[in-house]
Protein chains: 2
Amino acid sequence: MATLADIIEDYIKRQLQKSHNSIVVINRAQLADSFECAPSQINYVLETRFNKERGYIIESRRGGGGYIRIVKIRSDDIDKTVGKLIGRIGNSISPKGVDNILVVLHDMGFLSTKNVQLIRGVIQQETAGVVQGEDMLRAKLLRAMLCLKLQEIND
Amino acid sequence: MATLADIIEDYIKRQLQKSHNSIVVINRAQLADSFECAPSQINYVLETRFNKERGYIIESRRGGGGYIRIVKIRSDDIDKTVGKLIGRIGNSISPKGVDNILVVLHDMGFLSTKNVQLIRGVIQQETAGVVQGEDMLRAKLLRAMLCLKLQEIND
DNA sequence: AATGCGAAGGTCAGGAATGGTCAGACGGAG
DNA sequence: CTCCGTCTGACCATTCCTGACCTTCGCATT
């Protein structure tokens, strides 16, 4: 049975299809109103269906003229593989784990040699001296940079 | 939806473009009148969109024949400026600080609109739920992504 | 020169319009 | 019955915009 969350998910995905640039902007209150549900329901759908593991990036702003922008990053096969890898990064990762992923991405031509070196360097730099949650920070940094790269090849 | 503040911002930026010397002088009451808003709305736009962080200088004078002058600070060398901005990120940064930097980089053509949206989104998601050192994490993520971008234009 | 007035612009508190978060209710599958 | 995915409502945070009140400056009058 399709839950309301499923229905809203489908709706947003259709909008993304229609958009042709994989970006859709919604108004939380209005969307909630048209589906006759609580506004927070929209957040639930976004959290569970349009998170980064699934290849989406959400950007939002509060206040007058506020909005929620949903960006799909991932379309073809390369994207799918990279997206999967990004999803696999998880909450924390070791330096060795970073290396493994970088090698795979380099081999498949997603990252240049220079890219790999830079990413490794930046991660080293930014995690140096961090005493707690180093693996977590590493995961976040790697994911951030890969998301940025992923977007580029989709332009 | 574009708010009135956004519209006024665009208008002023267009005027700056047209000016060819990156200086534009406005009359607060008159501008407010043409946009049918309160004069203080103009101040709001100036404070939030044309502040020093975003690379503008505001000079004004009260009294009869008063004026507001908006000056866009020139950025001759993109590379140097970006490097300087990255340096300015420092150890920690607020969401607004991120925004200011992104807008500057966007205005000078270093980041595309999509880039900006993605970077904002990634940072929002990676810092969500982090209770301690959020500002620090934000700084690291932003720096990492900007370094990656900076490498690209130097290839 | 001193004073007074009108014409700018500045400040700030607060209301309205958005979106975010989180504890807990609810209900179906095991 | 217990667990897990849904869904809601109360409360919070952020951004926009206005109106009342304040400050500064030029100029005419005295």
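Applying the side chain to side chain donor-acceptor pair (under 3.5 Å) rule to pairs touching residues 20-31 of chain B yields B/Ser19-B/Asn21, B/Arg28-B/Asn43, sequence neighbours excluded.
Between A/Asn27 and C/dG19, a side-chain N or O to OP1/OP2 separation shorter than 4.0 Å is present. Within the structure, every side-chain polar atom (N or O) of B/Arg28 is placed at least 4.0 Å from both OP1 and OP2 of C/dT11.
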Table of protein N/O atoms under 3.5 Å from nucleotides 26-30 of chain D N/O atoms:
from: D/dG26; atom 1: OP1; to: B/Arg61; atom 2: NH2; distance (Å): 2.5

Considering only nitrogen or oxygen atoms on both sides, find all protein atoms under 3.5 Å from nucleotides 1-4 of chain C and state each distance.
none

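In this structure, A/Ile8 places its CD1 atom 8 Å from P of D/dT8, rounding to the nearest Å. In this structure, B/Glu9 places its CD atom 9 Å from P of D/dC16, rounding to the nearest Å.
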- Query: If pairs are Watson-Crick or G-U with both distances under 3.5 Å, what is the dot-bracket string of DNA chain C, marking crossing pairs with [ ] and pairs to another strand with |?
  - Reply: ||||||||||||||||||||||||||||||

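Residues A/Ile101 and A/Leu146 form a side-chain contact, since some pair of their non-hydrogen atoms from C-beta on lies under 4.5 Å apart.
Using a 4.0 Å heavy-atom distance criterion, A/Arg49 is classed as a sugar-phosphate-only contact. Nucleic acid contact for B/Ser40: base, since at least one base atom lies under 4.0 Å from a heavy atom of the residue.
In terms of the salt bridge (charged side-chain N to carboxylate O under 4.0 Å, His left out) criterion, residue partners of B/Arg143 (sequence neighbours excluded) are, by chain and number, A/Glu126. For B/Phe35, the ring-ring contact (aromatic ring centres under 6.0 Å, His included) partners at least two apart in sequence or on another chain are B/Tyr11.
The structure places NZ of A/Lys140 at 14.5 Å from OG1 of A/Thr127, a figure rounded to the nearest 0.5 Å.
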